[in-house]
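Notes follow once the structure below has been shown.
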2 protein chains.
Amino acid sequence: MAVTIKDVAKVAGVAPSTVSRVIADHPRISPATKKKVKKAMKEMGYHPNASARSLANRSSQSIGVVMPSSADKSLQNPFFPEVLRGLSSVAHQTDYSLVLCTGETDKEMLEGVERMVYSNRTDGIILLYSQVDDPIVNFLLAQDFPFSIVGKPSDRVDEITHVDNDNVRAGKEITKHLIDLGHECIAFIGGSMDRVVTMDRMRGYQLALEEAGLPYLEEYRVHTEFLKSGGQRAVEELLSLPEPPTGLVVVDDLMSIGVMNMLEECGKRVPEDVSLVSFNNVYLSELTRPPLTTVDINIYDLGVQAAKGLIAKVKDKSEPAKRIIVPFDIVHRSSAKEKEATSPSP
Amino acid sequence: MAVTIKDVAKVAGVAPSTVSRVIADHPRISPATKKKVKKAMKEMGYHPNASARSLANRSSQSIGVVMPSSADKSLQNPFFPEVLRGLSSVAHQTDYSLVLCTGETDKEMLEGVERMVYSNRTDGIILLYSQVDDPIVNFLLAQDFPFSIVGKPSDRVDEITHVDNDNVRAGKEITKHLIDLGHECIAFIGGSMDRVVTMDRMRGYQLALEEAGLPYLEEYRVHTEFLKSGGQRAVEELLSLPEPPTGLVVVDDLMSIGVMNMLEECGKRVPEDVSLVSFNNVYLSELTRPPLTTVDINIYDLGVQAAKGLIAKVKDKSEPAKRIIVPFDIVHRSSAKEKEATSPSP
DNA sequence: ATGAAAGCGCTAACAT
DNA sequence: ATGTTAGCGCTTTCAT
């Protein structure tokens, strides 16, 4: 049996409640007893029992983290470890625990979340993805349970605390970069259409095109999974167009790897034949050949802010929903270059 | 206030203990009351409170997961999400929660683990890495706290439940593959020397060399971080040797990407000029150019087995320490090929 | 500033 | 098979 608050009280010659007050750093406690109690705690190797605290407190000091379903291969994206780092960092500072929740299927995921909230296991929840019409979001909303999203909610945007980049602007600027480089046929390769992030970046792509007076063509937009076969089809479709693109905006660095792979297999060199830009700046993007010009979305910060935002909300339920925008910057490497002068048309 | 066991008891017209028994699926309980109670629970939307259970039970139904320090860039290795998937899967089945523990520094990590075990927040812990003389392992051992390791402990191997591949054999077989392909100058590129996995795979490399009567040369072994600069130096060193290797055994797929990158920059083509093989078979290894011949270590299974092993130990402390070996297999892709006939020496 | 005591919601003897 | 009851370890009024 571990040492309890009573044992400490006995040794220190005070009441259990006094020990409790010392733990909580209660103001009205004399420096003398405080010292006495702390000494006893140290000597006896006392450590508070989390469950007992939670029970008495009705607060678990832990927050749930929901990753996308692992059916989704995107789980393997280094994006996640990186957000986790950010979350972890503030969790550590604020003495919160992180409780993980994944699942093979959407059903499993929802079950996991329900379990967490019903059982009072967590004080709040962070969603590491955002998709349209998410049952988990609906559940959390219905329960009036504190949560925040990394990304942009598909709906009820200003009822939900979330931290995001300005993905529309990011999409616009990175596309504009290609345009400034002289490209006029620019395609967009994105993931699933119901991921909000895809939509936002595509919207930016559209805006840049329009601003430059370039057409926004249906056949230049491909949506696919990032895995090999997906990237493959995307590239084949694009290259078989009568006027194949010379610039590519790819929604994710990982996807870019697959795309570049295919491009090479089709005999196209990056950036000589086609320029490619993408998003996220995971560490991999400097290991590729060529290293990627990409939007650094500051993943770590997204995590930090999401955790801070949630904890604020947990501590004070009346805290209003916030939208936190993490700045991005474009990292110029060598996957994009000036469009080569086209051979003069006949 | 949420509905409690007492409320349910009242409505169902039974004692709280009966309700508790129904929850625990106690054998000695009549089907009639069982049904009655379940009905009441459902109607009232009852859900057990986890903290209360933990407190009364002295068991938290959750297991801690320790990732490597995030200072270590290896955290971004897709290896981790993949083990997590495995852990998650059995956690879900067995109704355990996963509590995450990372940290920027080794000190933070240890603090996190201490917090977990002292506060009774977890019933057991899984370590997702293994290095020599790990303070966390020492702490856990000293506390006699249930834990298991994904990988091989550096020490006290048969006191510690762990799940691992036979990395020596894997190293040997993959090296032998290169030898069978006609390579005679084969180098080894590994990560930090105090990661057990590196040492094992290198040992296998050595064995294969010796068995084939090939020399085991100091200058053919390079240890480095997998990040760009590391891979760069490794490759430069190797290529500047009087007899540069034509075969490379690289300890991790991710590292291979950096290595191939450098190789290309140095004007060496894979596999025409140098063959490369590596380990892990993360999904990325089929997206690279060329796709990697690599050892599939079945990461997901490692996770599954680690969780199962730990839970067995948690449920019955007298359970002996187990060593669980997950089979590997070699996935042949195109980063390794037969050694080209060398130009006849003068 | 500190102590006494009543819970927090659940489980586990011990009764019956 | 089910009810009674005493905790599990901590917090928090309410006294003093």
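Chain letters run A, B, ... following the sequence lines, proteins first and then strands; every chain starts at 1. Model, not experiment: these values are computed from the prediction.
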**OP:** May I ask you to say what A:V19 touches in the nucleic acid, namely base, sugar-phosphate or nothing, with a heavy-atom cut-off under 4.0 Å?
**Re:** nothing

Subject >> Criterion side-chain contact (heavy atoms from CB on, under 4.5 Å) against B:I299, the qualifying member of B:V304, B:N165, B:V83, B:N77 >> reply: B:V83

**OP:** Using five base pairs at each end, measure the axis-to-axis angle across the helix from C:dA1-D:dT16 to C:dT16-D:dA1 and round it to 10 degrees.
**Re:** 30°

Original post:
Donor-acceptor pair under 3.5 Å: do we get one between A:S17's side chain and the base of C:dA4?
Top reply: yes

Original post:
Hey, is the main chain of B:S62 close enough, under 3.5 Å, to the side chain of B:T122 for a donor-acceptor pair?
Top reply: no

Original post:
Rounded to the Å, how far apart are A:L55 CG and D:dG7 P?
Top reply: 17 Å

Original post:
Closer than 4.0 Å, any side-chain N/O of B:S20 to the OP1 or OP2 of C:dT11?
Top reply: yes

Subject >> Sidechain N-carboxylate O distance under 4.0 Å for A:E111, A:K107 >> reply: yes

Subject >> Along DNA chain D (nearest heavy atom to each residue), the more 5'-positioned of B:A52 and B:R21 >> reply: B:R21

Original post:
Can you find a pair of side-chain heavy atoms, one from A:V314 and one from A:Y96, that are under 4.5 Å apart?
Top reply: yes

**OP:** Indicate yes or no: does B:D123 engage B:K315 in a salt bridge with an N to O separation below 4.0 Å.
**Re:** no

Original post:
Are A:D194 and A:S192 linked by a side-chain donor-acceptor pair shorter than 3.5 Å?
Top reply: yes

Subject >> Neighbour count above 12 (heavy atom, 6.0 Å) for B:K38 NZ >> reply: no

Original post:
Between residues 23-31 of chain A and DNA chain C, which residues have a heavy-atom gap below 4.0 Å?
Top reply: A:R28, A:I29, A:S30

Original post:
Under 30°, 30 to 60°, or over 60°: which ring-plane class applies to B:Y118 and A:H47, parallel, tilted or perpendicular?
Top reply: parallel

**OP:** Indicate, with a heavy-atom threshold strictly under 4.0 Å, whether A:T33 touches base, sugar-phosphate, or nothing.
**Re:** sugar-phosphate

**OP:** Rounded off to whole Å, could you give me the CG-to-C1' distance for the A:N57 and D:dC10 pair?
**Re:** 8 Å

Subject >> B:K317, NZ atom: more than 12 neighbouring heavy atoms under 6.0 Å >> reply: yes

Original post:
Which of residues 112-124 of chain B have a heavy atom under 4.0 Å from DNA chain C?
Top reply: none

Subject >> Side chain B:D155, main chain B:D133, donor-acceptor under 3.5 Å >> reply: no

Subject >> Residue from A:L141, A:T161, A:I126 passing side-chain contact (heavy atoms from CB on, under 4.5 Å) with A:F147 >> reply: A:L141

